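Structure, as structure tokens:
Here the structure is a predicted model, which is why all the values come from computation and not from measurement. In what follows, every chain begins at residue 1, and chains take the letters A, B, ... in the order their sequences are listed.
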Number of protein chains: 2
Amino acid sequence: MNKYYFEHSIRNMKKQATIKDIAKRLNVSISTVSRALKNAPDVSNETKASILAVAEELHYQPNRLAVSFRVKQTNTIGVIVPNLDYVLATMVKGIDEVALEAGYTVMVCQSNESFGREVLNTSRMLQSLVDGLIISVSSETKTFDHIKKFQERDLPIVAFDRIVPEIIAPNVILDNEYGGYIATDHLIQQGYRNIAILAGPKNLGISNARMDGYLKALKENNLKVDPKNIIHCDFNQDYAYFATKELLKSKNRPDAIFTISDRMAIGAMIAIKEKGLTMPTDIGLIGFNNEPMLSLLTPTISSIEQPMFEIGKMAAKIFIERLHSEESAITTEVLKPILLIRESSKRKLI
Amino acid sequence: MNKYYFEHSIRNMKKQATIKDIAKRLNVSISTVSRALKNAPDVSNETKASILAVAEELHYQPNRLAVSFRVKQTNTIGVIVPNLDYVLATMVKGIDEVALEAGYTVMVCQSNESFGREVLNTSRMLQSLVDGLIISVSSETKTFDHIKKFQERDLPIVAFDRIVPEIIAPNVILDNEYGGYIATDHLIQQGYRNIAILAGPKNLGISNARMDGYLKALKENNLKVDPKNIIHCDFNQDYAYFATKELLKSKNRPDAIFTISDRMAIGAMIAIKEKGLTMPTDIGLIGFNNEPMLSLLTPTISSIEQPMFEIGKMAAKIFIERLHSEESAITTEVLKPILLIRESSKRKLI
DNA sequence: TACGAAACCGGTAACGGTACCGGAAATTTC
DNA sequence: GAAATTTCCGGTACCGTTACCGGTTTCGTA
């Protein structure tokens, strides 16, 4: 009746064979069994063989929990992502790929872009002793004590995709500035001159980086920056729609739009169509991420593709290296995106 | 020289405080501390308070690994999915939602549609003693020993989305037959009479169920079934494209197509456009899943929407109930999909 | 022959908690 | 005022495995 009462239901689990059972069966000590099982050198081949045989026979399965507890290592990597959209899911798949191969289990948690969730997840992971963390922080996250706790315990961290300077750890990211640059430069090469950018939330690192690329491309091509052409809005189709609608009202309307995500590009596309403008002749459009739907739309939409899978793999690779070495330089891996030209921005023949 | 290099090269694993430390500090026994920490009744309020205070002061964090090891319960749910596409990712989010709230941690693994991966994942999960499994099996999976191992250990299992009769466990699924039925019936109501179905792999449960719905709708409307109108092919845009191309060649070509996934619908759409036919006048089209892109295409494509989030939540809910009760009836929760009518199939005014 | 070094194996103390058992002190009951 | 309860707390045996410290045996070599 007490509410503190912790319920451990008594279920009749079929008892798993342990090294003790094997030892008893062969009249050897558990130490010998333990050593044999991990192929230690100081066990004769005969005993090793017989132990292996009995283990097989009893369907012995090592109790990872006991081992982890004993050696204080779980062989588990905690992965925290804000969500599992196309981009992040693919990155997680990359992490999974190399982690699995290296013998690690991956524990994926979604923070749902919520700081509270992120803290809860990290705390649970810390308690269950993951060996470290690969994280892409939520957009809400402004303080980092929950992450520093890992570092206090000397557990490695790798940040990827959405990174922040406050996390002192190896980073794996896209060259977002370069992405913004090639997108904008491409528009310029196609003859667009009055290029707007839908730049995402103001505080977010990737927003700023992509915008820096945009600015750089304008500058290199001696185009002046019009503040009215720089719109900050949420990563969101609807916001982008309204922002674009607004943009197109002005009499000096932009002749091309670069959106820093594909969802935003779609919002922009809808507004453009509503206005009766056609792409690419009246106006150019390019997105970011290259989500699969883009090539299905009319017109097909240009975009910047990031090597998502590789970013994930790289993050896991660096993480595992970090785990195995004492060295701990803070590196930043920057992967290059590539430009995919489709109908929405292709005004000139090549 | 990087200023962080120095900080990090020192491996000062700050030792975590344990209940032993708290006990020593207060000159009480560890049992008392243990009880106080879980708010057991047989500790006086004063000692309880002082223990809590010291715990706070030492930044005590319970070692979940030790507890799990001791009580043979990890408060972790293993979730295995074939991939993390839109549908499954949303379902996983549903699982996450209720699991987190109930104090469970979720461990998500992707089998990548590979049987070997699935076995590896289940085996790792079994070794690290998850409390049970919520699984959507891979399309490759034909044998189920790896899953039976959970049941031998009396660990609960819930199957969702992709279920198979060989797994004797509670199921949470979409009413796929109903989905197939309302899709087909809708086409018939719109005046289509020669309706083809792209039905997915032959052995897969959801394929067959959706096709059953298709057949039922035809029968109820006294339309005869033409075997040439039933095409089995992979869940895949390209296959669907070629299959549709083939279908449209015949002189008695179908006047509507029901594809059991949206990806297939897109393949079909491309073939239809290539042939110069227009939707919905010349031919009707309806997909399944209601992926977000459908409303962006021209024409917008009708589809069947499943309550993905609810399916995930339901699976987790049932799982947790199962965990807490000895009862073990094999139930099947069937959630209803809904019909979303868009341009591709709307030939009549309502 | 003897002696040191390998080679092989056993005993045991941890790891951090939990759960039971039992017992002393405080409180109630008759 | 003694007996019967409560209330509160300490002691201890685990859980499965590993790491360390020894101790035998075997074997090569002086």
Within-4.5 Å side-chain heavy-atom neighbours: K93(A) and N112(B): yes
Flag, side chain of K142(A) to backbone of S139(A), donor-acceptor distance under 3.5 Å: yes
OP1 or OP2 of dA19(C) under 4.0 Å from side-chain N/O of K38(B): yes
SB check E97(B) K317(B) (cutoff 4.0 Å): no
Sugar-phosphate, base or nothing in reach of I30(A), heavy atoms under 4.0 Å: base
Whole-Å distance separating the CG atom of N45(A) from the C1' atom of dA6(C): 15 Å
Minimum-distance nucleotide (side-chain atoms of D42(A) versus dG17(C), dG16(D), dC8(C)): dC8(C)
E101(A), CD: over 12 other non-hydrogen atoms inside 6.0 angstrom: no
Separation of atom CZ in R70(B) from atom P in dG17(C), rounded to whole Å: 13 Å
Phosphate OP1/OP2 of dT18(C): any K72(B) side-chain N/O under 4.0 Å: no
Interatomic distance, Q73(A) CD vs dC15(C) P [rounded to whole Å]: 17 Å
Between C1' of dG16(C) and CG of L65(A), the distance in whole Å: 12 Å
Exam field: side chain D96(B) to backbone C109(A), donor-acceptor pair closer than 3.5 Å: no
Touch class at under 4.0 angstrom, heavy-atom based, for N63(A) against every strand present: sugar-phosphate
Presence of donor-acceptor pair under 3.5 Å, side chain of R35(B) and base of dG10(D): yes
Phosphate contact (dT17(D) OP1 or OP2) by S34(A) side-chain N/O below 4.0 Å: no
Length of the line joining Y60(B):OH and dG17(C):C1', which is rounded to integer Å: 7 Å
Selection from dG16(C), dT17(D), dG11(D) that lies nearest to any side-chain heavy atom of S31(B): dG11(D)
Whole-Å distance separating the CD atom of Q127(B) from the C1' atom of dT17(D): 14 Å
Side-chain N,O (S44(B)) to OP1/OP2 (dT7(D)) below 4.0 Å: no
Interatomic distance, N39(B) CG vs dT18(C) C1' [rounded to whole Å]: 16 Å
Worked verdict on R162(B) versus T141(B) for side chain to side chain donor-acceptor pair (under 3.5 Å): CA-CA 11 Å; R162(B) 304 227 208 127; T141(B) 306; over 6 Å; no
T105(B), T74(B), N75(B) screened by side-chain hydrogen bond (donor to acceptor under 3.5 Å, both in side chains) with R64(B), the one that passes: T105(B)
Neighbour count above 12 (heavy atom, 6.0 Å) for K149(A) NZ: no
Residue whose closest nucleotide on DNA chain D lies nearer the 5' end, K48(B) versus A66(B): K48(B)
F69(B) over dC15(D), stacked by centroid distance under 5.5 Å, angle under 30°: yes
Nearest-Å distance for atom pair CD/P, residues E46(A) and dA7(C): 15 Å
Close approaches to DNA chain C from residues 21-29 of chain B, in residue order (heavy atom, under 4.0 Å): none
